[in-house]
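To start, the structure under review is shown below, and the notes come after it.
Keep in mind that this is a model prediction, so the values were computed, not measured. In this chain, residues are counted from 1 in sequence order. Order of listing sets the numbers, starting from 1, for every ligand and every atom in it.
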Amino acid sequence: MKMETDRIRLRPWDRKDLEDLYAFARNPAVGPQAGWRPHQSKEESSQILSRMITTPDAFAVVLKSTMRVVGMISAGIDTSRRNLAAKTIGCALDEAYWNQGIMTEAVGLMIRHLFDDPGTELIAMDHFVENRGSRRVIEKNGFHYEGTIRQKVRLYTGEVKDCRCYSLTRTEFEMRNASS
Ligand SMILES: CC(C)(COP(=O)(O)OP(=O)(O)OC[C@H]1O[C@@H](n2cnc3c(N)ncnc32)[C@H](O)[C@@H]1OP(=O)(O)O)[C@@H](O)C(=O)NCCC(=O)NCCS
């Protein structure tokens, strides 16, 4: 199934995405809010791109009007639960495109993609407590707040972060779809 809305498409990463990836991932306003160090060089972006190309459920967010990659979204097993059927989503967007609803759409596409796999029972998302933009993306996608885990993450800087944690079960997702 194609993962797209009127203005964005999620697709697997490709080697030709290096320039676009480096352009937004080097910005110190982007990575640290998602827990990762800004890319220090094009070589670092290239290594990370190589990993993402071979990682299942790691997608480039493409703006259809320009066909440029403006963000990243990925999902993997939620290692904070002892349940292999629980996935967690991470994402980041080029700062030039913030607050236009793009990541809300991308997360919506990713949720449908993950629940298309009958092996997914629950999807989790977290954000650092001060990350208001991320909080809204999660809320607008219908996730339920579970609580705050204090000192959940130690950053590459050594700083320790509290995280607000959310989840969406398959039943909640299916009930929402049935009533819309
Ligand atoms: C968080 C992020 C993915 C949001 O993407 P986005 O496409 O800008 O999100 P959307 O436009 O879909 O929604 C953003 C919402 O947050 C709100 N928002 C943004 N900054 C805010 C702030 N400082 N205080 C309160 N609300 C804020 C916007 O008003 C909007 O909500 P609304 O639709 O109710 O008005 C993007 O800002 C980003 O990549 N940040 C850096 C990396 C990161 O934080 N990744 C997520 C890690 S969990």
Side-chain angles (χ1 to χ4, degrees), residues 3-11 13 17 20-40 44-45 48-49 51-52 55 57-81 86-114 122-157 159-168 176:
M3 286 184 285
E4 63 179 30
T5 63
D6 288 346
R7 64 179 169 168
I8 61 163
R9 175 175 301 148
L10 307 190
R11 62 148 171 81
W13 288 91
D17 299 327
D20 289 346
L21 171 63
Y22 181 56
F24 71 81
R26 68 201 291 259
N27 178 353
V30 175
Q33 290 198 57
W36 45 269
R37 188 178 69 153
H39 294 192
Q40 306 293 294
E44 184 182 353
S45 289
I48 289 166
L49 181 59
R51 278 210 300 277
M52 293 195 298
T55 302
D57 294 333
F59 300 110
V61 180
V62 177
L63 197 60
K64 287 163 74 172
S65 58
T66 60
M67 294 309 278
R68 305 304 296 254
V69 175
V70 295
M72 52 171 59
I73 185 162
S74 61
I77 290 168
D78 181 3
T79 52
S80 63
R81 292 170 210 266
K87 307 281 172 59
T88 185
I89 297 176
C91 59
L93 187 70
D94 186 331
E95 189 180 10
Y97 297 93
W98 288 3
N99 297 325
Q100 299 175 26
I102 290 175
M103 199 52 80
T104 298
E105 285 182 22
V107 169
L109 291 170
M110 186 62 135
I111 291 170
R112 277 195 288 283
H113 168 72
L114 292 173
L122 174 145
I123 302 172
M125 283 190 84
D126 293 359
H127 67 81
F128 297 154
V129 288
E130 68 279 8
N131 189 342
R132 306 288 300 185
S134 186
R135 175 175 175 166
R136 286 296 298 139
V137 168
I138 295 167
E139 287 172 348
K140 287 190 285 179
N141 271 292
F143 283 79
H144 295 265
Y145 176 62
E146 294 181 331
T148 297
I149 298 186
R150 294 181 293 167
Q151 303 187 12
K152 188 177 188 206
V153 176
R154 184 179 297 278
L155 288 184
Y156 62 96
T157 55
E159 189 185 353
V160 175
K161 294 285 200 181
D162 295 349
C163 287
R164 289 174 59 92
C165 304
Y166 303 76
S167 61
L168 182 68
R176 190 180 72 192

Restricting to pairs with a member in residues 104-114, which pass salt bridge (charged side-chain N to carboxylate O under 4.0 Å, His left out), not counting sequence neighbours?
->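 Only R7-E105 qualify under salt bridge (charged side-chain N to carboxylate O under 4.0 Å, His left out).
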Any donor-acceptor N/O pair, E159 side chain to L155 backbone, under 3.5 Å =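 Pair absent, no side-chain N/O of E159 close to backbone of L155.
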What about [X]: any of its N or O atoms under 3.5 Å from an N or O on ligand 1?
{"X": "G101", "result": "yes"}
{"X": "K140", "result": "yes"}
{"X": "M103", "result": "yes"}
{"X": "L93", "result": "yes"}
{"X": "N131", "result": "yes"}
{"X": "T104", "result": "yes"}
{"X": "A34", "result": "no"}

Looking only at protein heavy atoms, which one is nearest to [atom], and what is the separation?
{"atom": "atom 28 (C) of ligand 1", "answer": "N99 OD1, 3.3 Å"}
{"atom": "atom 42 (C) of ligand 1", "answer": "V30 O, 3.3 Å"}
{"atom": "atom 4 (C) of ligand 1", "answer": "V137 CG2, 3.7 Å"}
{"atom": "atom 22 (C) of ligand 1", "answer": "R132 CB, 3.4 Å"}
{"atom": "atom 38 (C) of ligand 1", "answer": "W98 NE1, 3.4 Å"}
{"atom": "atom 48 (S) of ligand 1", "answer": "S134 OG, 3.0 Å"}

Given side chains that start at C-beta, do those of Y97 and V61 come closer than 4.5 Å, heavy atoms only?
->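 Not touching, per the 4.5 Å side-chain cut-off.
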Nearest non-hydrogen atom to atom 34 (O) of ligand 1 belongs to which of R136, R135, M125?
->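 Of the listed residues, R136 has the closest heavy atom.
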Only heavy atoms of [X], strictly under 4.0 Å: list the atoms of ligand 1 that pass.
{"X": "C91", "value": "43 (C), 45 (N), 46 (C), 47 (C)"}
{"X": "Q100", "value": "11 (O)"}
{"X": "A92", "value": "39 (O)"}

Give a yes/no on ligand 1: does D126 have at least one heavy atom closer than 4.0 angstrom to it?
->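 Checking ligand 1 against D126, which is what was asked, there is a heavy-atom contact under 4.0 Å.
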Minimum heavy-atom separation for D20 to R68, with atom names?
->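 Closest approach of D20 to R68, heavy atoms only: OD1-NH2, 2.5 Å.
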Which atom of D162 lies closest to which atom of T148, heavy atoms considered |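 Heavy-atom minimum between the residues: CB-CG2, 4.2 Å.
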Could you tell me whether atom 25 (C) of ligand 1 has at least one protein heavy atom nearer than 4.0 Å?
->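 Neighbour list for atom 25 (C) of ligand 1 includes protein heavy atoms (cut-off 4.0 Å).
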Straight-line distance of R81 CZ to S167 OG, nearest 0.5 Å =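 Output value for this atom pair is 5.0 Å.
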For the atom pair CG (L10) and CG (L109), what is the distance rounded to the nearest 0.5 Å?
->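 L10 CG to L109 CG: 5.0 Å, rounded to 0.5 Å.
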Please determine if K161 and E130 form a salt bridge, counting it only when a charged side-chain N lies under 4.0 Å from a carboxylate O.
->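 Salt bridge between K161 and E130, a charged N being under 4.0 Å from a carboxylate O: yes.
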Among L93, V70, V69, whose side chain to side chain contact (heavy atoms under 4.5 Å, CB included) with F24 holds?
->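 The residue from L93, V70, V69 that satisfies side chain to side chain contact (heavy atoms under 4.5 Å, CB included) with F24 turns out to be V69.
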Only one of Q33, R132, R135 forms a side chain to side chain contact (heavy atoms under 4.5 Å, CB included) with H127, so which one is it?
->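 In the set Q33, R132, R135, the residue that makes a side chain to side chain contact (heavy atoms under 4.5 Å, CB included) with H127 is R135.
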Kindly check if the number of other-residue, nucleotide or ligand heavy atoms within 6.0 Å of CD (Q151) is above 12?
->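 Result for CD/Q151: open.
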Could you walk me through whether V160 and V153 pass side-chain contact (heavy atoms from CB on, under 4.5 Å), step by step?
-> CA-CA 6 Å; V160 175; V153 176; over 6 Å; no
